[in-house]
Amino acid sequence: MQKFIPYSLNVGGRLVEISRPWVMGVVNVTPDSFFPDSRVNDLEQLERRVRQMLDDGADVIDVGACSTRPGAETVTEDEELRRLQWALPVVRRLLPEHVLLSVDTFRARVAASAVEQWGAQIVNDISGATLDPDMERTLARLQVPVVAMHMRGTPATMQQLTDYDNVTAQVLEWLARRVDHMHQLGVADVIADPGFGFAKTVEQNYELLAHLDVFHALQVPLLVGVSRKSMVMAPLGCDAAHALGGTTVLHTAALLAGAHMVRVHDVRAAVEARTLCMMIMENG
């Protein structure tokens, strides 16, 4: 069991401390994200989902407008912007000051619009700022916390790119290089994400989770996204709709290994897992 290590983030000039693990709720303004219940297609659905997440105790709301499920075809940049243009201002208006707004995008122009026009405070990039050549420079200018996730290829090709000699060592090395590079560019706050389900087999995902504690060597906050993914469904023989129990087990494992954020579809279950894991850690 790993003792929780607090970190601070600079959010718009305000110092925000991660003094306990954060629960990041997923909202997808897409028609094709892998878990249907995460999708919202109109204002009423959006408000209802966000309000429920707030009632359940979310610390961050992460809004995405381009599905990155395995095999997904990428929507155009203009379409991604169009979807976010109506959604982000609504979410921003609903959030109290202590709950942060994150945008899930790998595109520089989308990240800039989300932050500068629509109030996003975190950029969550599945590619670690490698898919768009303008993203690094944009993030350095925006000066917001950035989630840098490990992935190979693109969502359409990543599941053919799972050949590793040692998945934990190689993902850790890649993240270390990305974190150092982004710090050198002037990005002050980087959050590392090993990228569960992105260019990894089910077995490789479990190897990463079993060795999650080694990622604290990066000396940055650690985000884990395993909610209702194939690494839950495949061993249990279930679909995404029936994967909450398995997801909660994996959240528990991640939290006991010291994860600073869990990105989830089901906020209440994750908050309950956090409460009990903190009881274990505080009394261990």
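These values consider heavy atoms only, across backbone and side chains, with no hydrogens, waters or symmetry-generated copies. Predicted, not measured: the structure shown is a model, and the values here were computed from it.
To the nearest 0.5 Å, atom CZ of residue Arg51 and atom CG of residue Leu95 are 10.5 Å apart. Here CZ of Arg268 is found 8.5 Å from CG of Asp55. Values are rounded to the nearest 0.5 Å. Rounding to the nearest 0.5 angstrom, the gap separating the CD atom in Glu80 from the CZ atom in Arg109 is 10.0 Å.
In this structure, Gln121 and Val115 have side chains that are not in contact, with every pair of non-hydrogen atoms separated by 4.5 Å or more. Two residues are said to be in side-chain contact when any heavy atoms from C-beta on lie closer than 4.5 Å; Pro235 and Met231 fail this criterion. Residues Ile191 and Tyr7 form no side-chain contact, since every pair of their non-hydrogen atoms from C-beta on lies 4.5 Å or further apart. With contacts defined as side-chain heavy-atom distances shorter than 4.5 Å, the pair Pro96/Leu54 qualifies. Between Leu222 and Leu212 the shortest side-chain heavy-atom distance falls below 4.5 Å. Between Val232 and Leu250 there is a side-chain heavy-atom pair separated by less than 4.5 Å. The shortest side-chain heavy-atom distance between Val16 and Trp22 falls under the 4.5 Å cut-off. Two residues are said to be in side-chain contact when any heavy atoms from C-beta on lie closer than 4.5 Å; Asn205 and Phe198 fail this criterion.
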Checklist entry - Can you check side chain to side chain donor-acceptor pair (under 3.5 Å) on Gln170 and His150, steps first, answer last? => result CA-CA 10 Å; Gln170 287 174 254; His150 174 272; over 6 Å; no
Next on the checklist: Apply side chain to side chain donor-acceptor pair (under 3.5 Å) to residues Asp125 and Ser127 and explain how you reach the verdict.
Outcome noted: CA-CA 5 Å; Asp125 186 341; Ser127 75; 2.8 Å; yes
Next on the checklist: Between Arg178 and Glu173, is the salt bridge (Lys or Arg N to Asp or Glu O under 4.0 Å) condition met? List the steps.
Outcome noted: CA-CA 9 Å; Arg178 292 307 299 162; Glu173 180 183 13; over 6 Å; no
Next on the checklist: For Thr130 and Met135: C-alpha separation, side-chain torsions, deciding distance, then whether side-chain contact (heavy atoms from CB on, under 4.5 Å) applies.
Outcome noted: CA-CA 7 Å; Thr130 62; Met135 183 61 107; over 6 Å; no
Item to check | salt bridge (Lys or Arg N to Asp or Glu O under 4.0 Å) between Asp239 and Arg228, worked out | outcome: CA-CA 8 Å; Asp239 59 13; Arg228 297 183 184 264; over 6 Å; no
Item to check | salt bridge (Lys or Arg N to Asp or Glu O under 4.0 Å) between Asp180 and Arg177, worked out | outcome: CA-CA 5 Å; Asp180 182 64; Arg177 292 181 183 277; over 6 Å; no
Item to check | Worked verdict on Arg152 versus Asp163 for salt bridge (Lys or Arg N to Asp or Glu O under 4.0 Å) | outcome: CA-CA 10 Å; Arg152 288 175 167 180; Asp163 184 21; over 6 Å; no
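The residue from Ile61, Asp62, Leu100 that alone fulfils the side-chain contact (heavy atoms from CB on, under 4.5 Å) condition with Met24 is Asp62. Looking at Met281, Glu282, Arg274 one by one, the single match for side-chain contact (heavy atoms from CB on, under 4.5 Å) with Arg20 turns out to be Arg274.
Closest approach of Val224 and Ala259 over heavy atoms only: CG2-CB, 4.0 Å.
Follow the hydrophobic side-chain contacts under 4.5 Å out from Ile122 and you never reach Val63; the two are in separate clusters. Under a hydrophobic clustering in which Ile, Leu, Val, Met, Phe, Trp and Tyr are joined whenever their side-chain heavy atoms come within less than 4.5 Å, directly or via other members, Leu43 and Val27 fall into the same cluster. One hydrophobic cluster, built from ILVMFWY side chains closer than 4.5 Å, holds both Leu101 and Val123.
When the side chain to side chain contact (heavy atoms under 4.5 Å, CB included) test is applied to Glu207, the partners found at least two apart in sequence or on another chain are Asn166, Val167, Thr168, His211. Applying the side chain to side chain donor-acceptor pair (under 3.5 Å) rule to Glu116 yields the partners Arg141; only residues at least two apart in sequence or on another chain are considered.
Relative ring orientation between Phe4 and His260 is described as tilted, the plane-to-plane angle lying within the 30° to 60° band.
The environment of Asp165 atom CG is sparse: at most 12 non-hydrogen atoms of other residues, nucleotides or ligands sit within 6.0 angstrom. Other residues, nucleotides and ligands contribute only 12 or fewer heavy atoms inside 6.0 Å of the CD atom of Glu97. Within a 6.0 Å sphere centred on NE2 of His242, heavy atoms belonging to other residues, nucleotides or ligands number 12 at most. Atom CD of Gln219 has 12 or fewer neighbouring heavy atoms from other residues, nucleotides or ligands inside a 6.0 Å radius.
Here Asp193 does not pair with Arg263 in a salt bridge; the nearest charged N to carboxylate O distance is not below 4.0 Å.
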